[in-house]
Amino acid sequence: MEQIKEKQQNRIQILTTLDQNYLPRLQVLLTSVYLNNPGEQADIWLMHSRIPAEALEPVSELCRLFGFRFSAVQIDGSSFQGAPVSRQYPKEMYYRLLASQFLPEDLHRIIYLDPDILVINSLRPLWDMDMEGNLFAAASHTGMTELANNINQIRLETDHDYYNSGVLLMDLDRARDEISAQEIFDYVKEHGKELLLPDQDVLNALYGRRTIDLDDVVWNYDTRNYNTYLLRSTGVYDMNWVMKNTSVLHFCGRSKPWQKGYIHRFGILYKHYMELTRRYISCTERDRSSR
């Protein structure tokens, strides 16, 4: 049993959740993981509610090309009968916090990544880190401004930094023991009017004390804030440092690099990975047509 667990542990497990419109973003994310984690074996898990199987096939083909195993986990809406669900609080917001209930029990940990991410260096140090008995490992962007941190602490009645839920290392075994769907649903019912970023707020309010800190400049770099990171580090975190040391670039905010008019510094890098992804997809299409 220990040998099986160790073998699984060597394969990096990656989870994301999205709707059909974000499948192209997932393909770009996968390209970046593949190119910047040479020699790694990875399993890709996608939790969704209603993406047709034919829409998932290009993602599955790309994973085959990269040597990744791909599993789509469709969530039955009946699992959330007791959950507060609305336009502001769709049932998908619960997926990442309750992932341990829907993923196989022989998965012991997993890295959750938002689809608006590029991985530009190895994920292995994150995968291998000691979580010290915590449920999650996550980064906060509070170094940008302590005012936002203080406001979130007051708003959610917490005493820790405000964690971003776009990158999470999850201990699935502990989550199965400690995370209760009903507790989450009850919290949303009671505090719904106070929640600005619903699932992220719930993570912080209920599980912030069971979360270990990650360095955001390495594991959850907010691409809008290059100049702030540079100033905060007195010039150390320049572009050369980021390209060599940062593992996860997170394109936070409403403005996205695949949209027209994106002005932030890493937009051209994202477009480069979009073009690489297009070429890989062309390879899979040629392979399919030759069969």
Side-chain angles (χ1 to χ4, degrees), residues 14 16-18 22 25-26 28-29 31-33 35-36 96 111-123 125-126 129 136-156 158-169 195-205 208 211-274:
I14 296 174
T16 193
T17 64
L18 46 81
Y22 258 71
R25 312 283 68 85
L26 174 58
V28 175
L29 170 60
T31 298
S32 71
V33 171
L35 290 174
N36 296 300
R96 80 187 86 181
I111 298 172
Y112 172 85
L113 297 174
D114 272 351
D116 57 346
I117 273 173
L118 285 180
V119 173
I120 63 170
N121 280 298
S122 176
L123 290 172
L126 176 62
M129 79 170 290
F136 302 104
S140 65
H141 292 148
T142 53
M144 303 300 106
T145 166
E146 279 306 309
L147 177 61
N149 190 38
N150 293 338
I151 289 172
N152 284 318
Q153 287 177 337
I154 294 170
R155 182 171 62 86
L156 300 174
T158 59
D159 57 3
H160 50 75
D161 285 343
Y162 185 76
Y163 296 109
N164 181 278
S165 60
V167 180
L168 297 171
L169 178 61
L195 304 181
L196 302 179
L197 298 170
D199 53 342
Q200 187 165 279
D201 283 351
V202 172
L203 168 72
N204 280 274
T211 300
I212 190 171
D213 288 310
L214 296 176
D215 186 353
D216 62 320
V217 76
V218 176
W219 297 114
N220 195 337
Y221 186 104
D222 187 336
T223 56
R224 299 169 295 182
N225 294 316
Y226 173 81
N227 289 331
T228 307
Y229 283 116
L230 187 65
L231 181 63
R232 189 178 78 182
S233 67
T234 62
V236 172
Y237 299 155
D238 61 9
M239 186 62 72
N240 289 332
W241 189 97
V242 171
M243 296 306 297
K244 183 177 180 180
N245 296 282
T246 295
S247 287
V248 176
L249 292 177
H250 192 179
F251 293 86
C252 303
R254 292 187 177 182
S255 179
K256 302 297 184 183
W258 56 88
Q259 299 169 337
K260 289 184 178 179
Y262 186 79
I263 62 172
H264 300 293
R265 187 174 300 260
F266 293 95
I268 190 67
L269 181 62
Y270 193 90
K271 287 181 172 62
H272 174 64
Y273 278 93
M274 287 176 64

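By convention here, the first residue in the shown sequence is residue 1. For clarity, every value in this text was computed on a predicted model and none was experimentally measured.
- Summarising the geometry, atom CD1 belonging to Ile212 is positioned 9.5 Å from atom CG belonging to Leu169; distances are rounded to the nearest 0.5 Å.
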(message) Walk me through whether Leu269 and Ile120 qualify under side chain to side chain contact (heavy atoms under 4.5 Å, CB included).
(response) CA-CA 10 Å; Leu269 181 62; Ile120 63 170; 4.3 Å; yes

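- Side-chain contact between Asp199 and Arg96 is present, with at least one heavy-atom pair separated by less than 4.5 Å.
- In this structure, Asn36 contributes its side chain and Val119 its backbone to a donor-acceptor pair below 3.5 Å.
- Side-chain atoms of Ile14 and Leu123, non-hydrogen and from C-beta on, do get closer than 4.5 Å to each other.
- Outside the 6.0 Å centre-distance limit, the rings of Tyr163 and Phe136 are not counted as a close aromatic pair.
- Of all non-hydrogen atoms in Leu203 and Ser165, the two that sit nearest each other are CD2-CB, 3.9 Å.
- Contact check for Asn220 versus His141: side-chain heavy atoms found under the 4.5 Å cut-off.
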(request) Let me see the working for Val28 and Leu118 under side chain to side chain contact (heavy atoms under 4.5 Å, CB included), right down to the final yes or no. (result) CA-CA 8 Å; Val28 175; Leu118 285 180; 3.8 Å; yes

(message) One pair to check against side chain to side chain contact (heavy atoms under 4.5 Å, CB included): Asn121 and Val218. What are the steps and the verdict?
(response) CA-CA 9 Å; Asn121 280 298; Val218 176; over 6 Å; no

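- Checked by atom type and distance alone, the side chain of Tyr226 pairs as donor or acceptor with a backbone atom of Met239 at under 3.5 Å.
- Panel note: side chain Thr16, backbone Leu113; a donor-acceptor pair is recorded below 3.5 Å.
- In this structure, Thr31 OG1 and Leu26 CG are separated by 9.5 Å, a value rounded to the nearest 0.5 Å.
- The closest side-chain heavy-atom distance from Arg265 to Thr223 is not below 4.5 Å.
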(request) For Arg224 and His250, run side chain to side chain contact (heavy atoms under 4.5 Å, CB included): C-alpha distance rounded to whole Å, both residues' side-chain angles, the deciding distance at 0.1 Å, then the answer. (result) CA-CA 9 Å; Arg224 299 169 295 182; His250 192 179; over 6 Å; no

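- Paired with Trp258 under the rule ring-ring contact (aromatic ring centres under 6.0 Å, His included), one option of Phe251, Tyr273, Tyr22 passes, and it is Tyr22.
- The CE atom of Met274 lies 10.5 Å from the CD1 atom of Ile268; values are rounded to the nearest 0.5 Å.
- Summarising the geometry of Ser247 relative to Trp219, their closest heavy-atom pair is CB-CZ3, 3.3 Å, with the distance given to 0.1 Å.
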(message) Let's go through Tyr237 and Tyr221 carefully: what are the C-alpha distance in whole Å and the side-chain angles of both, what is the deciding distance for ring-ring contact (aromatic ring centres under 6.0 Å, His included) to 0.1 Å, and is it a yes or a no?
(response) CA-CA 11 Å; Tyr237 299 155; Tyr221 186 104; 8.2 Å; no

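- Judged by distance alone, the side chains of Asp114 and Tyr112 do bring a donor and an acceptor atom under 3.5 Å apart.
- Taking the ring centroids of Tyr262 and His264, they lie under the 6.0 Å cut-off.
- The main-chain N or O of Val217 is found under 3.5 Å from a side-chain atom of Thr246 such that the two form a donor-acceptor pair.
- Side chains of Tyr229 and Asp216: a donor-acceptor N/O pair is present below 3.5 angstrom, by distance only.
- Looking at Asn164, its side chain never comes within 3.5 Å of a backbone N or O of Ala138 through a donor-acceptor pair.
- Side chains of Ser140 and Tyr162 form no contact here, defined as non-hydrogen atoms less than 4.5 Å apart.
- In this structure, the side chains of Leu214 and Met129 come closer than 4.5 Å at one or more pairs of heavy atoms.
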